[in-house]
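Reading through the structure tokens given below for one structure.
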Amino acid sequence: MSRSTDATAETATEPASGRRERRYDPATIEPRWQRIWEEREVFRTPQDLTELRRKPKYYVLDMFPYPSGSGLHVGHAEGYTATDVVARFKRMTGFHVLHPFGWDAFGLPAERAAVREGIHPAVITQRNVDNFRRQTKRLGFSYDWRREINTSSPDYYRWTQWIFLRLFERDLAYLAEVPVNWCPALGTVLANEEVKDGVYVETGDPVERRKMRQWMLRITAYAERLLQDLELVDWPESVKEMQRNWIGRSEGAEIDFEIDGHDGLSFTVFTTRPDTLFGATYCVLAPEHPLVERITTPDRREAVRAYVAAAEQKSDMARTDLAKEKTGVATGACARHPVTGARLPIWIADYVLMSYGTGAIMAVPGQDQRDWDFAKAYGLPIVRTVQPPADFDGEAYLGDGPAINSDFLDGLSIAEAKAKMIAWLEAHGKGRAKVQYKLRDWLFSRQRYWGEPFPIVHLEDGTVVALPEEELPVELPPVDEFRPTDDGRPPLARAGDDWLIVELPDGRRGVRETNTMPQWAGSCWYYLRYVDAHNEERPWDPELEAYWLPVDLYVGGVEHAVLHLLYARFWHKVLYDCGLVASKEPFQRLFNQGMILATSYQDASGKYYRRDELEERDGKLYPPGGGEPVTVQLEKMAKSKLNGVDPMWVIERYGADALRLYELFMGPLEQTKPWQMEGLEGLYRFLCRVWRLVVDDKSGEPSPRLIDQPEGCEPELCRTLHRTIKKVKEDTEALRFNTAISQMMVFVNQATASATLPRSIVLTFLRVLAPYAPHIAEELHRRLGGEGLLACARWPDHDEALCAEETITVVVQVNGKLRDRLEVPPGTGKEELERLALASETARRFIGGKTPKRVIVVPDRLVNVVV
RNA sequence: GCCGGAGUGGCGGAACGGUAGACGCAGAAGACUUAAAAUCUUCCGCCGAAAGGCGUGUGGGUUCGAAUCCCACCUCCGGCACCA
């Protein structure tokens, strides 16, 4: 027995309930047990290392939510239920479990609500957190609430700032002039993921590109390790692949091109195909390339300036969208081919992006379709340098083949030619092998109020310095409004001089940074703070980190597949390099829960209706005013689609246990699946059947079928019990909750049909049920006179011998078709099975007197007679 | 276009290469009830009176045996998308 079981054993003697409900009534029993768990602090994880080291650890983590005003939805509840079942199960099987919860509480919605309502975002956030917490608690999760964190609390963001200083010290944080998504209506920059089709996704306000001086984090310095270390983690292959694509590693070469007539002036291109250098017939610079202005010849100046100006106006989206047709203009300048010395015209075109590689390319139309299209459009020459196969009828040829028209490379395959060309370039100082990544540095500042202030001061002489650690936290100052200033400076610029003006300990004076950090900052390290949530000296105790990390199971939506998970991995690796964490990767196993869909009803004009507004006539649904029947479809739950399901509404009707079971019974956790209210009723009925195993619902007294005999007096039920213990254990470990629940249903169906119910069998079953439906399990356990709390109980052992079948059905097939079944004891020998099969009346009819060619016998499975 | 993932009853879904459809929902019949609800029992892939035949998106293949492995294709979902 675990220590905590002893500590709570006395609860068994206390009356849990004033009166005894007859019928299953989750509304009374659930709050009662939640109160008991909370009062006895049964889910409090020890903090003392000596005690912790007595048991193995298991860290099971949910992606913490942004506490939005609309509250918890059934999608949250699915993931949280899954981790809760795992947490409760792991506790029962002898682990110290870390299962914490908290709030990703900085963010734009609270700030926008603050502007709208004229209330401080902290107040709005607190209101939402309180609501979210109350709802979350009502589901009966076994979180250690003492470790609750809130990223917007100064106790927390003090350490977010502290980690930023570590990044700054290591030159991983820097200021740079970069193009950003500026939304004039909101007066702030937006993250890339908040902008689609040139507008802010929430409000539809247009977004423009603007250059601003911004904080950047040098995540590109970690590109290779972020890529390589994906090998170390147990994540869905799809998520790893998305991260690999995002990092976008490609091998190739940089090649230097001198500009004809500009002594010493050159530019560098990146190419993955240095083998095709002899096929380069022109070069292209991105319109923003710094050399454009200098090299453009006077006769081309006007056209080039017009093109550059037009490109600047276009959003990224417009640039890629309109780019079916390639456009560009010649600069009039020419580059020198690094091998042949030939003059190659230099063009500018917006199909070349300044943000990737060097912002310049050598164009090889023979082997690149984009270059082919451009060359065709502007009448530029095309030279093939890889021999296409005889039957090739395409344009640019991307396949392998012998090099042609390529001087010293002729006849070589692509791979050989690449190696040889790189060697030549390096030998002649005209280029070098190069690994390029798509990943870009992370734009880390926002012109917002509701985020972490930077612990940074701009001195009068223009230098940028970090605040000393003792000055942390830099708290958010009070401001009169949460909008940017009229001249476009961030909201923090509204703070008074007593906040803005800083005198450093050495007497130097400066102005505070007025940008704030993006919402991702707090979520980059919250999983570390949980191990030591109240440490005021340090962000966490390294020994606690070494004990608990990495997270053993991390569950959340796939929408964070790239950004959050990449950013957090990046910070973790920096912390590793600083010697602050002992683990290379933060999240050992990642699991994405699937989206939950719901039926939505939409009329021809696109208007959505709630189901209860519609009238049903001859199998069709009509809108309230009549007219055409509505379209019925399955869509992601959304407020705008009026198809959301409120978990609190479900709990009022069916209870948290039924909701928990339904969330997991719907189907595999990772799968997208539709919500069906009827299915939920099935789970409620299941719990009613469980209730009636113990309670006679006419009298409220214990069921008369309960007996105090040993479990062996109902041998069949006893076998099913042991099979259930085993299967639920295996399925829970593998996160196959739906099949675990179905096995519990099999048990309950059989128990319902049983004439007598040995009390010990029911008590054992309740321990199996407890991680899934903890409230009803505790209540019935108590009513049966069970000791202690199930929340602290040990998982029952199953008896392997009892799990085996007494007789096994062995199938008889003739030519692979099922013809008969044999009931035999397990382990019946091959010869015996073959004899029985060939003796089978039905099988003989199909064998038809022929001599079997072959007989395949799989013991305990089947006999296949081939004739 | 490229990269992932998935297609099984009326529905959600089960099935170490070995009895396809566990479990649940919906449906049908019956019991209990004055009646209804609740509960309980039985039935429930398709064709067929039965014997049996046909069935896991489509077409091939491997195998004694394929929902499961291989090839090609179709459809749906997700991600990326001029990344040189």
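The figures here come from the full heavy-atom set of this structure, side chains too, leaving out hydrogens, waters and symmetry mates.
- For A:N815, no side-chain nitrogen or oxygen approaches OP1 or OP2 of B:G65 to under 4.0 Å.
- In this structure, A:R845 reaches the sugar-phosphate backbone alone: every heavy-atom distance under 4.0 Å involves primed, P, OP1 or OP2 atoms, never a base.
- Using a 4.0 Å heavy-atom distance criterion, A:T739 is classed as a sugar-phosphate-only contact.
- Across all strands shown, the partner of B:G1 is B:C80, judged by Watson-Crick or G-U wobble contacts whose two distances both fall under 3.5 Å.
- Checking B:U34 for Watson-Crick or G-U wobble geometry (two distances, each under 3.5 Å) identifies no partner in any strand.
- Residue A:F846 is in sugar-phosphate contact alone, with no base atom involved, counting any heavy-atom pair closer than 4.0 Å across all strands shown.
- Distances shorter than 4.0 Å separate none of the side-chain N or O atoms of A:R819 from OP1 or OP2 on B:A51.
- If you find the closest nucleotide of RNA chain B to A:Y437 and to A:E681, the one lying nearer the 5' end belongs to A:E681.
- Contacts of A:V858 with the nucleic acid, taken as non-hydrogen atoms under 4.0 Å apart, include base atoms.
- Note on A:P236: nothing from the nucleic acid sits closer than 4.0 angstrom, heavy atoms only.
- Backbone-only engagement by A:Q671 is indicated by non-hydrogen atom pairs under 4.0 Å involving sugar-phosphate atoms exclusively.
- In terms of modelled atom types and a separation under 3.5 Å, the side chain of A:N864 and the main chain of A:G816 share a donor-acceptor contact.
- In this structure, B:G48 forms no base pair with any nucleotide, since neither Watson-Crick nor G-U wobble geometry is met with both distances under 3.5 Å.
- For B:A14, neither phosphate oxygen OP1 nor OP2 lies less than 4.0 angstrom from any side-chain nitrogen or oxygen of A:R736.
- Mapping A:M666 and A:R273 onto RNA chain B by nearest heavy atom places A:M666 at the nucleotide closer to the 5' end.
- Remark: A:R861 is not in phosphate contact with B:G17, judged by side-chain N or O atoms under 4.0 Å from OP1 or OP2.
- No donor-acceptor pair closer than 3.5 Å links the side chain of A:S600 to the backbone N or O of A:N643.
- In this pair, A:F374 and A:Y378 present their aromatic rings tilted. The plane angle is within the 30 to 60° band.
- For A:F392 and A:Y397, the distance between ring centers is under 6.0 angstrom.
- Ring geometry, A:F747 versus A:F765: the interplanar angle falls under 30°, so the pair is classed parallel (tilted spans 30 to 60°).
- Rounded to an integer number of Å, the gap from CD of A:E635 to P of B:G78 is 11 Å.
- Among the protein residues, A:N749 comes within range of the sugar-phosphate backbone only, with heavy atoms under 4.0 Å from sugar or phosphate atoms but none that close to a base.
- For the pair A:R569 and A:W235, the cation sits on the ring face: its NZ or CZ lies under 6.0 Å from the ring centre, inside 45° of the axis.
- In summary, A:K727 and A:E730 do not engage in a salt bridge, as defined by a charged side-chain N under 4.0 Å from a carboxylate O.
- Among the atoms of the strands shown, only primed sugar atoms or phosphate atoms (P, OP1, OP2) are found under 4.0 Å from some heavy atom of A:K817.
- A:G682 comes within 4.0 angstrom of sugar-phosphate atoms only, judged by non-hydrogen atoms across all strands, and of no base.
- Spacing between atom CG of A:D696 and atom P of B:A38 amounts to 20 Å, rounded to whole angstrom units.
- As the counterpart of B:A28, B:U42 is assigned, both hydrogen-bonding distances of the Watson-Crick or G-U wobble pattern falling under 3.5 Å.
- For B:G12, the paired base is B:C23 (Watson-Crick or G-U wobble, both distances below 3.5 Å).
- Side-chain N/O atoms of A:R854 include one lying less than 4.0 angstrom from OP1 or OP2 on B:C64.
- Distance from the side chain of A:W246 is smallest to B:C80 among B:C3, B:C80, B:U19.
- Rounded to whole Å, the distance from NZ on A:K438 to P on B:C80 is 10 Å.
- An OP1 or OP2 oxygen of B:C80 is reached within less than 4.0 angstrom by no side-chain nitrogen or oxygen of A:R244.
- Contact annotation: A:S250 reaches the phosphate of B:A84 (side-chain N/O to OP1 or OP2, under 4.0 Å).
- Here the side chain of A:N864 is nearest to one of B:G18, B:A84, B:G24, namely B:G18.
- Among the protein residues, A:V746 comes within range of the sugar-phosphate backbone only, with heavy atoms under 4.0 Å from sugar or phosphate atoms but none that close to a base.
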